[in-house]
Amino acid sequence: MTASASTPRTEAAFAAATEKRRLGVGLVSVGWMGKLHSRAYRNLPFVYPDLGVEPRLVQAADPVDSARDYAQHVLGYESTTADYREVLANPEVDVVSICAPNFLHAEIGIAAAKAGKHIWIEKPVGRGAHETAAIREAAEEAGVASAIGFNYRQPPAVQFARQLILDGGLGRITNVRGRFFGGFNSDPEFPLAWRFRRELSGSGVLGDLMGHLVDLTHFLLGPIASVTATTGTYITERPGMPGSPDADKKLPVENEDFANMLIRFDDSAAAAGALGSLDASWIAIGPKAEYGIEVFGTEGSFRWNFERLNEIEVAYRDVNGGTYTRMLADASFPEFSRFQPSPGTPMGYDDLKVIEAKKFVQSVLGDASESSNIHDALASAQVLTAAEQSAESGQWVDTPVVPGNTSNVRKEGSN
Ligand SMILES: NC(=O)c1ccc[n+]([C@@H]2O[C@H](COP(=O)([O-])OP(=O)(O)OC[C@H]3O[C@@H](n4cnc5c(N)ncnc54)[C@H](O)[C@@H]3O)[C@@H](O)[C@H]2O)c1
């Protein structure tokens, strides 16, 4: 069954396609994320059989021969191409995962939406808010569904924490402290890959890690209204890429490897009135993927760190003298029992992408969905752009709330 090149398939069209609602998947870029998206689609029918969807890996694009071989012979795509445009023109493709380097996000995202394909696109969704906004406009015009690779929203412990805040279990939120610290770029001999070049990546650690942290903050606490930030570049040059004419030279790093910001929340936020600080580094020695957030309220607090994704520490003023208690994710946490039968048996990173895929497919089908979307991507990108402006000027910069975002907003009638 084929879809028109310009019209997204509707639920009825899926139903007509086969009894099991086959979903034609296209992939652009078969790198780390492209492989992960593909495994997530493949796992969907096992983890969420009630979704009634059978993903079919139709076509993958990558200019690198070995990546295309992997897509076809390991991941199981029916065909491959070096040119992503073929994937977008393929009438058997309903949804497209865009896992390309940042400089291609806008070009591919806009073209995919215009071709009527629903898009699951990796963060930071372009090289800055202007590109994210252009993809958003194209997606809105075409009426296609969207999901963003904001996977740190998905751990059951994080979803538990969001509900805790919304239900008022921590009282009035007063303060948040977030840090996304990794060391994967801490070796100065690591070459000048696309992530360190403005033209190809846009910002550095701001887009790469801070974008995740800003989204996590939006998801847990609500829209950020204004920021002031500082940024720094401490590894200022790196060797050229192996095999390139510059391999023997040292070339300048063009974006920041550390960023921090102070934040204030919008009045609509679940954490309205709270203050916070967010830090990100990709050159920190010690932390590997210490992506953590601590939230403090008048009645209690929690802290969570991705390196221990299956647990959360919660403290309540009147319990155990207000000290932290460690909770392991269990069946009472959203999604956990889809993956494991009992607490202590951990979920992993891949599982977060399966949850993300499920929510994306629900929004494609027009079902109720808690998927992130292109409005969330713009909300995060706007904060990062404001942070860059603030780092230049030394001033606070406002960030208008983006309509359609899914951040945690205050319940009607709460303080
Ligand atoms: N959600 C997350 O936690 C997370 C983690 C890592 C990366 N990312 C994001 O995912 C995206 C990809 O990152 P990655 O780590 O998978 O990169 P990667 O370097 O592993 O893979 C990039 C792939 O893109 C391919 N490519 C290059 N030019 C292309 C073109 N013209 N058409 C199609 N493919 C092309 C390359 O050959 C390579 O296979 C980035 O935007 C990155 O920020 C997100």
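Heavy-atom basis, side chains included; hydrogens, waters and symmetry copies ignored. Note that ligands are numbered from 1 as they come in the structure, with each ligand's atoms numbered from 1 the same way.
Proximity of H105 to ligand 1 is established by a heavy-atom distance of less than 4.0 Å. For the pair W194 and ligand 1, a heavy-atom separation below 4.0 Å is found. Contact analysis puts P124 in contact with ligand 1, with a non-hydrogen atom separation below 4.0 angstrom. The closest approach between a heavy atom of K353 and any atom of ligand 1 is below 4.0 Å.
Of the candidates R68, R195, H37, R85, R195 brings a heavy atom nearest to atom 15 (O) of ligand 1. Compare A193, G126, G207, P101 by their heavy atoms: the one nearest to atom 22 (C) of ligand 1 is in P101. In this structure, of G34, P63, A60, the residue bringing a heavy atom nearest to atom 32 (N) of ligand 1 is P63. Nearest-heavy-atom check against atom 30 (C) of ligand 1 across L104, V30, N102, D65 picks out L104. Comparing E356, E122, R127 by heavy-atom distance to atom 44 (C) of ligand 1, the nearest is E122.
A search for ring-ring contact (aromatic ring centres under 6.0 Å, His included) contacts involving H105 returns nothing, not counting sequence neighbours.
Between M33 and ligand 1, a contact under 3.5 Å exists for at least one N or O pair. Checked by distance only, ligand 1 and H212 come closer than 3.5 Å through their nitrogen or oxygen atoms. Remark: ligand 1 and G149 share an N or O pair separated by less than 3.5 Å (distance only, no angle test).
Around atom CD of E370, no more than 12 heavy atoms belonging to other residues, nucleotides or ligands sit under 6.0 Å away.
The aromatic rings of F180 and Y291 lie parallel to each other, their planes meeting at an angle below 30°, with 60° marking the opposite boundary.
With a 4.0 Å heavy-atom cut-off, ligand 1 is reached by the side chain of Y349 but not by its N, CA, C or O. By the criterion of a heavy-atom distance under 4.0 Å, the backbone of C99, and not its side chain, is placed next to ligand 1.
Among residues at least two apart or in separate chains, ring pair (Phe, Tyr, Trp, His ring centres under 6.0 Å) pairs with a member in residues 192-213 are Y152-H212, F196-W282.
Closest of all the heavy-atom pairs between N405 and N373 is CA-OD1, 4.5 Å.
The side-chain heavy atoms of E137 and E140, taken from C-beta on, include no pair separated by under 4.5 Å.
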